[in-house]
Each structure stands twice: as structure tokens, then as C-alpha cells.
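Residue numbers begin at 1 in each chain, while the letters A, B, ... track the order of the sequences.
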Protein chains: 2
Amino acid sequence: MATIYEVSELAGVSLATVSRVVNGTAKVRQSTKDKVEAAMRELGYRPNTIAQSLASNRSNSVGILVPELIGPFYGALLSRIESLFRAAGKHVIIAAGHSDAELERDSIEFLQSRHCDALILHVESVSDDYLVALAESECQFALINRRVAAISERCITLDNRLGGFLASEHLLALGHRNIGYISGPMWKQDAKERYAGHQQALMDFGVKENQHAFFEGDFQETSGVAGLQYFIEQRIPISALVCANDEMAAGALTAAHDLGISVPEQLSIVGFDNTNFSHYTFPKLTTIDYPIAEIGAMAARWVLAHVYQKPGEPLVSSFQPKLVQRHSTFAARRESA
Amino acid sequence: MATIYEVSELAGVSLATVSRVVNGTAKVRQSTKDKVEAAMRELGYRPNTIAQSLASNRSNSVGILVPELIGPFYGALLSRIESLFRAAGKHVIIAAGHSDAELERDSIEFLQSRHCDALILHVESVSDDYLVALAESECQFALINRRVAAISERCITLDNRLGGFLASEHLLALGHRNIGYISGPMWKQDAKERYAGHQQALMDFGVKENQHAFFEGDFQETSGVAGLQYFIEQRIPISALVCANDEMAAGALTAAHDLGISVPEQLSIVGFDNTNFSHYTFPKLTTIDYPIAEIGAMAARWVLAHVYQKPGEPLVSSFQPKLVQRHSTFAARRESA
DNA sequence: TTGAAAGCGATACCAG
DNA sequence: CTGGTATCGCTTTCAA
């Protein structure tokens with residue numbers, strides 16, 4: 001591979017000049033520029049990104065840390081982020097944190113050791129303090145799906161509370177009064193907020209929450225089946241069920257089939273996230289749309305604007321979820337029936 | 001961040017010596033080594049990977065090119081590959097080719113410009129010749145899910161033909177004789193092979209293929225619904241349906257529900273891939289397991305062995321799919337009934 | 001076993 | 001507008 005040195009020689013100009021035409025960092029006379037470009041073409045020159053990074057102290061790479069690479073959720077995020085950065089000539093380095101504090105810290109260090117210009121973090125286990133400290137070091141990063149007050153200008157989130165509210169409001173409006181709730185792990189911020197939204201909706205409709213109609217799951221399918229089984233065994237009377245994500249909703253749906261409970265006639269179910277499989281279920285899942293790809297895109301724009309000085313459309317830091325009504329929810333039977 | 005220079009000064013040794021203890025490239029007296037390590041610890045030294053790359057001409061990064069980041073399939077692949085390389089101190093740079101020849105080539109160039117030490121390619125549109133030429137350049141890469149004779153030592157594949165065979169054999173053994181087939185785009189190698197396996201099974205059972213019971217889909221859910229609709233409209237009599245992937249099977253399942261066809265009683269359906277949502281469907285999908293994560297792991301091992309001289313377990317280049325029997329298939333009704 | 005010094009391929013500052 | 005040159009942080013001969 002040709003180096004900048006060979007190009008400068010062939011074009012009969014200095015190293016510095018070649019660098020200028022490559023980067024467009026300063027004015028160069030058109031005729032010189034032409035010579036240089038001809039030389040570059042002739043040699044098939046392509047700048048060595050590694051050398052560029054070392055000299056410029058910028059790696060043109062951004063690190064992305066998500067909980068999992070597998071599963072229906074983060075793919076959409078990564079996909080969007082990758083294509084945006086790709087178009088900007090940056091590349092993404094991807095790591096998985098597996099919702100484990102130590103692994104998350106490791107991953108961040110790993111990404112930093114790779115000299116990423118910026119990070120996009122979707123972390124759940126690491127403490128707020130850690131993130132604040134990280135922000136105080138010279139590390140540039142955007143935080144997804146988590147709001148930390150001290151660094152809120154870097155946070156891009158979904159209004160999870162509103163999402164939880166919408167899910168339950170939908171059911172309440174349909175006439176349901178006995179609503180079960182299968183939550184995510186309550187140590188996770190989003191799980192907590194979604195649940196808070198649920199409670200808010202109950203309150204707004206003047207419905208008293210049945211403390212027993214709550215089951216703490218783990219966002220996995222299996223806890224969806226466990227949750228529904230629990231409610232049935234405990235004879236908790238419910239005509240509707242909100243699950244804090246689609247996986248658990250799918251699990252509950254399966255359990256309902258197995259228990260001979262027909263959905264939505266006997267039991268309405270609503271999920272959360274609108275993952276790609278939510279319309280593969282039967283009946284198709286009513287759920288809350290989580291615009292994860294948009295959020296990823298926004299994080300990418302944040303980086304482009306703050307780190308690469310490429311301002312684009314204005315940044316928005318909070319997104320609104322909305323209800324996607326499909327076939328797993330149904331009007332409650334009249335009590336008089 | 002401390003540099004190697006500062007470490008050498010603090011430890012009272014030369015740059016070269018520090019480099020030696022960092023890389024273990026040569027014997028260093030234990031006492032010197034201790035001094036150096038103490039100094040490194042004191043300064044929190046971490047080598048600058050960019051400088052290492054420039055000097056050593058190795059980037060410790062491997063590029064992964066897959067068709068899509070989104071969707072249920074490649075996440076599993078990426079996940080496994082990432083964790084294997086991470087453990088080996090390498091990082092992965094990920095790009096998407098979107099099944100488009102130009103984009104695939106672009107992506108490969110992009111990855112090369114990033115000076116990846118090796119690539120792992122899952123490409124479908126680029127020609128065999130291109131890949132052979134690429135192999136003849138100095139580029140190191142492993143090819144996933146595609147067999148190119150001239151470079152077969154770099155190929156890691158699933159026996160798609162066997163998979164197609166197993167799917168249809170299962171149905172035939174269940175007594176089905178009118179079997180519809182919804183294939184992937186026939187220009188894709190895997191789609192062709194799966195179909196060939198299907199034909200083989202029919203032949204083995206002495207069943208004549210109904211040419212009209214074939215529908216060419218595009219591996220997307222929508223073509224699954226289109227396919228089943230087509231068979232029904234054309235009044236092609238089928239009691240079973242094999243779909244060349246799970247997405248299309250899920251689509252066919254949905255269509256069956258909508259058309260009032262009960263699965264599996266009136267129609268058995270088998271998918272292919274065993275994607276993570278295949279047990280969210282109702283009934284749960286019988287399918288062919290595609291050990292995509294294992295295949296990814298093998299590709300990673302190939303790279304570790306061939307590029308980084310870290311031999312591990314022996315390499316295998318072809319994987320066997322197997323049938324995963326769930327609830328979407330059922331014995332054919334006796335003809336006499 | 002250790003040190004000195006020459007790169008690796010760019011960037012960027014300082015003159016001219 | 002262009003050239004010279006120091007520099008980025010590390011690896012890798014070559015000698016000692």
C-alpha cells in the first residue's frame with residue numbers, strides 16, 4: 001500500500017501538502033491539488049487510518065456498549081448507529097455488558113483502551129456515581145435509556161413512565177379493573193418507571209391496586225410464564241395483564257394457551273417494546289412502541305455534534321412511546337354478565 | 001495517560017525493556033520485570049493500542065461483515081464472536097452488507113481501510129471470483145455460510161441440503177404426501193441447497209414433486225403469508241408446508257390463522273433456522289436448528305489459529321443441522337378418512 | 001539480558 | 001499557499 005510519502009514524491013510536493021489535500025484542512029492551489037490527486041489515483045493511495053489516529057489523537061471510532069448483542073432488541077439499535085457512523089466515515093466497535101457491573105466497567109475500559117473518540121452506553125448495572133466520574137474524566141459519551149441528573153445533557157431516554165401509563169390506561173379504558181402486572185427486575189430504572197406509570201394509570205382511573213396482582217420477573221420469556229402461572233395458582237382474579245416487555249408477554253401468552261385461557265377473550269395481554277417478533281405471536285401482541293432505533297440515531301447525532309463537530313438536526317433527549325394496538329387486548333366483560 | 005516512556009523512566013530501564021515485559025516477547029530478568037511492573041501499576045499504564053498497531057503493523061481488530069445487524073439471526077453470531085475475541089484481547093468492528101453486492105464490497109474495503117488483521121465474512125451478493133481474488137490478495141478472511149471451491153479451506157458452512165432434507169423427511173415420515181415449499185430467493189446458495197434437500201427427500205420417499213406447490217419467497221415474513229395465500233388461491237392441495245426459514249414460517253402461520261386453517265391439524269408447517277422467536281409462535285414452530293453461534297465461534301477460532309497463531313480445538317468446516325420438533329407438525333390424516 | 005536508535009505513516013506547527 | 005520538521009507511542013533490529 002502506497003504511503004503519503006510516495007504520493008508526495010510522485011506529485012513533487014511536500015508531505016504536508018498531500019496531507020492538506022487529503023484532509024481539506026487548508027487552501028491548496030487548484031493546480032497543486034490536481035497533481036496530488038492524480039498521484040493518489042495512480043498509486044491507489046489510501047491513508048493509513050492507524051497512522052492518522054496516532055498523529056491526530058483521534059481514532060475515528062466510536063464504542064457502543066449494549067447489554068446483549070443477541071435478542072430482538074439491540075440489533076435495531078446497533079443497525080441504525082452503525083449505518084449513521086459508517087456514512088460519516090467512522091466505525092463502531094461493539095461490546096456487550098451483560099447487565100453485569102464488572103463486565104460493564106471492563107467493557108468501558110476496553111473501549112477506552114481502543115481509543116474510541118466517544119462511547120454510546122446502554123448500561124444498567126454500573127452506578128450513577130461511576131458514570132458521573134467517567135463524565136468528569138475526559139471521556140465523551142452519550143447515555144441511552146437512563147437518566148442521571150448530574151449529566152442529564154448526555155442522556156437520551158424513553159419516557160418509560162408514560163409507556164407504563166399508556167399500557168394500563170388502554171386496559172382501563174377497555175373496562176378492565178383487575179389488572180395483573182409482571183414487571184422487570186425492580187433494580188432496573190426502566191422497570192421501576194414502567195411500573196410507576198402503571199400505578200399512575202390506576203390512580204387516575206380511581207382503581208385501587210391489588211398488591212397481589214404484582215409479579216417481579218426478569219424480562220425473560222420464562223418469567224412471563226411463571227408470572228401468569230403464579231397469578232392463576234394464587235387465584236388472583238385478573239382479566240388483563242400488563243407485562244413490562246414483550247418477551248414476558250410472549251411467555252404469558254404461551255402459558256395462557258397451555259392453561260386453556262383464551263386471549264384476549266378471557267385475558268387481555270399487553271407487552272412493551274414492540275420488538276420484531278411481537279406480531280409473530282398469536283394473537284398478535286398489543287404493545288408499547290419503543291423507538292429504539294430513533295434513540296440510537298439520536299445518540300449517534302449527539303456524538304457527531306459534540307465530538308466530531310458535525311451538527312445536524314437539533315437534538316432531542318427524551319422520546320415518547322406510543323400504544324400499538326393489535327389483537328391481544330379486548331374489552332372487559334361487563335360485570336353484570 | 002502514562003506512556004511507555006514515563007514507565008521506563010520511573011522503572012529506570014529502557015523503552016525496549018518495558019516493551020518486552022508488556023509483550024513478553026523476550027526474556028527479562030525477574031527483578032527488572034518486577035520493577036517495570038511496579039512502575040506500570042503506579043502510573044496506571046496501559047499501552048496505546050493505536051501506537052502498537054502502527055509500530056507492529058497489526059491492529060488486533062477483526063472485521064465482521066454480516067447481511068443485517070437487525071433481526072433474530074445475526075445477533076447470535078455476533079454475540080459469540082465478540083465474546084471470543086474480547087477474551088483474546090482483540091476487538092471486533094462490525095459492518096452490515098445488506099445483501100447488496102456493492103455494499104458488500106464497500107464494507108470489505110471499509111474494514112480493510114481500518115486495517116483489520118482478519119475478516120469474517122457472511123456475504124451473499126458478491127461473486128465467487130471476487131472472493132477468490134480477495135483471498136489471493138494478502139487479505140485474511142473466513143467465509144461463513146458459503147462454500148467456494150477454490151478457497152474451501154476458509155469456508156465454514158452448514159449442510160443446508162441436509163437441513164432441507166430433514167425438514168421434508170419429517171413431514172413425509174408423518175405421512176404427508178402433498179407438501180408445499182416456500183423457498184428463499186433462489187439466487188442465494190443456501191436457499192437453493194435447502195430446496196435441493198427437499199427434492200431429495202421426496203425422491204427418497206418415492207413421491208413425485210408437485211411443481212405447483214413451490215413458491216419463491218424472499219426470506220421475509222410477508223412472503224410466508226403470500227406463499228400460503230398463493231397455494232390456497234390456486235387450490236393447490238397441501239397438507240404440509242416447509243418454509244426455508246422461520247420468518248416465512250411465522251408468516252405462513254399467521255396467514256393460516258387468518259384463513260381459518262388450523263395448524264397443525266389441517267396443515268403442518270416446518271421452518272428453518274430455529275431463531276429465537278420460533279417458540280413464541282402458536283403453535284410453537286417445528287424447525288431445523290441452525291447452529292449459527294457455533295459456526296461463528298468456529299470462524300473466530302479459524303482466525304485465532306491462522307492469523308494470531310493461537311491454535312485451539314481442531315477446526316471443523318461443516319456443521320450438521322438437526323430437526324427440532326415442536327407443535328406445528330402433526331401426522332397426516334389417513335387418506336381413507 | 002538490556003539499551004540505543006531507526007522506523008511505522010500520518011498530523012500540525014512554524015516559517016517563508 | 002507551501003515546505004520543513006518535530007511528534008504521536010510503541011515495536012523491533014542491532015549491538016553491547
* What one-letter contact string describes nucleotides 7-16 of chain D from 5' to 3', where B marks a base within less than 4.0 Å of any protein heavy atom, S marks contact via sugar-phosphate atoms alone, and - marks no contact? -> -BBBSBB---
Using atom [atom1] of [X] as one end and atom [atom2] of [N] as the other, report the distance to the nearest whole Å.
{"X": "A:Gln30", "N": "D:dT2", "atom1": "CD", "atom2": "C1'", "result": "16 Å"}
{"X": "B:Glu9", "N": "C:dG3", "atom1": "CD", "atom2": "C1'", "result": "15 Å"}
{"X": "A:Lys35", "N": "D:dG3", "atom1": "NZ", "atom2": "C1'", "result": "13 Å"}

Among residues at least two apart in sequence or on other chains, which ones pass ring-ring contact (aromatic ring centres under 6.0 Å, His included) with [X]?
{"X": "B:Phe110", "value": "none"}
{"X": "A:His115", "value": "none"}
{"X": "B:His98", "value": "none"}

* Any side-chain N or O of A:Thr17 less than 4.0 Å from the OP1 or OP2 oxygen of D:dT2? -> no
* **Sequence neighbours excluded, every pair satisfying salt bridge (Lys or Arg N to Asp or Glu O under 4.0 Å) that has a member inside residues 38-55 of chain A** => A:Arg46-B:Glu109
* Asked: Under the criterion side chain to side chain contact (heavy atoms under 4.5 Å, CB included), which of A:Val66, A:Ile120, A:Thr157, A:Val123 is the partner of A:Ile144?
  -> A:Ile120
* Asked: Any ring pair (Phe, Tyr, Trp, His ring centres under 6.0 Å) pairs touching residues 117-153 of chain A, not counting sequence neighbours?
  -> A:Tyr74-A:His122
